[in-house]
Amino acid sequence: LSNNNKFRPSLSSSSYKTSSSPLSFGLNSRDGFTRNWALNVSTPLTTPIFEESPLEEDNKQRFDPGAPPPFNLADIRAAIPKHCWVKNPWKSLSYVVRDVAIVFALAAGAAYLNNWIVWPLYWLAQGTMFWALFVLGHDCGHGSFSNDPKLNSVVGHLLHSSILVPYHGWRISHRTH
């Protein structure tokens with residue numbers, strides 16, 4: 001047999017009940033030879049260790065988690081395109097309408113099907129959509145939903161009340177970050 005067939009049993013008279021591997025054992029065949037079922041796999045005896053010279057180590061910059069980052073908040077804001085900073089209340093409200101419509105559609109679908117297999121799927125999907133409502137209310141709390149503080153307050157209060165989260169207490173305590 002060739003070396004390409006590493007996973008095929010080899011027929012040899014030299015492996016006749018002399019192998020100590022637990023994977024190779026002798027089974028006498030009709031022709032008197034023993035089949036060696038051992039896998040032809042080898043591992044290195046030692047693992048090479050690559051050490052750096054002291055000169056190479058001095059040239060590398062080491063990461064210091066306590067050091068300030070090499071950029072500031074102004075650099076991050078400058079990297080974001082200007083159109084991303086424009087607040088569009090109609091687009092924001094369209095997300096609210098879309099998410100609320102999905103919430104009601106999921107509830108109607110679960111009530112219509114009313115099957116024990118459907119309810120866990122409904123809980124998972126509805127939980128995801130409630131999280132989407134929370135995120136929209138979160139944006140209202142930070143003032144990123146629209147430029148109008150009254151619209152932010154009303155929409156945030158309605159969204160968070162629908163998922164039983166107190167909006168104004170949350171907004172006041174959360175806005176510190």
Undergrad: For residues Asn152 and Tyr167, report the shortest heavy-atom separation together with the two atoms involved.
TA: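 Heavy atoms only, the tightest pair is O-OH, 3.6 Å.
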Undergrad: Please determine whether residues Tyr95 and Val135 belong to a single hydrophobic cluster, defined as Ile, Leu, Val, Met, Phe, Trp and Tyr linked transitively by side-chain heavy-atom distances below 4.5 Å.
TA: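 Yes.
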Undergrad: Once rounded to the nearest 0.5 Å, what's the spacing between atom CG of Asp99 and atom OG1 of Thr128?
TA: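 Going from CG on Asp99 over to OG1 on Thr128, the span is 11.0 Å.
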Undergrad: Under 3.5 Å, side-chain donor or acceptor atoms of residues 106-127 against the rest of the protein: list the pairs with distances, not counting sequence neighbours.
TA:
unit_1, atom_1, unit_2, atom_2, d
Asn114, OD1, Trp119, NE1, 3.1
Asn115, OD1, Ile117, N, 3.3
Tyr122, OH, Gln126, NE2, 3.0
Gln126, NE2, Val103, O, 3.1

Undergrad: Are the side chain of Ser153 and the backbone N or O of Lys150 linked by a donor-acceptor pair below 3.5 Å?
TA: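 Looks like no, no N/O pair under 3.5 Å.
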Undergrad: How many angstroms lie between atom CE of Met129 and atom CZ of Phe104, to the nearest 0.5 angstrom?
TA: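 Reported value, rounded in 0.5 Å steps: 12.0 Å.
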Undergrad: Nearest heavy-atom pair of Cys140 and Val155: which atoms, and what distance?
TA: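 Looks like SG-CG1, 3.8 Å.
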Undergrad: What's the spacing between Asp139 CG and Lys87 NZ if we round to 0.5 Å?
TA: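 Asp139 CG to Lys87 NZ: 10.0 Å, rounded to 0.5 Å.
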Undergrad: Can you tell me how far OG of Ser146 sits from CH2 of Trp90, rounded to the nearest 0.5 angstrom?
TA: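 Going from CH2 on Trp90 over to OG on Ser146, the span is 11.0 Å.
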Undergrad: What distance do Arg171 atom CZ and His138 atom NE2 have between them, rounded to the nearest 0.5 Å?
TA: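 Arg171 atom CZ to His138 atom NE2 measures 13.0 Å (nearest 0.5 Å).
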Undergrad: Heavy atoms, side chains only, cut-off 4.5 Å: are Pro89 and Asp148 in contact?
TA: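 The answer is no; the side chains never approach within 4.5 Å.
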Undergrad: So which heavy atom on Phe71 is nearest to which on Ile76, and how close?
TA: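 Answer, listing the atom of Phe71 first, then Ile76: CE1-CD1, 3.7 Å.
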Undergrad: Give the table of side-chain donor-acceptor pairs shorter than 3.5 Å for residues 156-165, with sequence neighbours excluded, one pair per line with atom names and distance.
TA:
unit_1, atom_1, unit_2, atom_2, d
His160, NE2, Phe134, O, 3.4
Ser161, OG, His157, O, 2.7
Ser162, OG, Leu159, O, 2.6

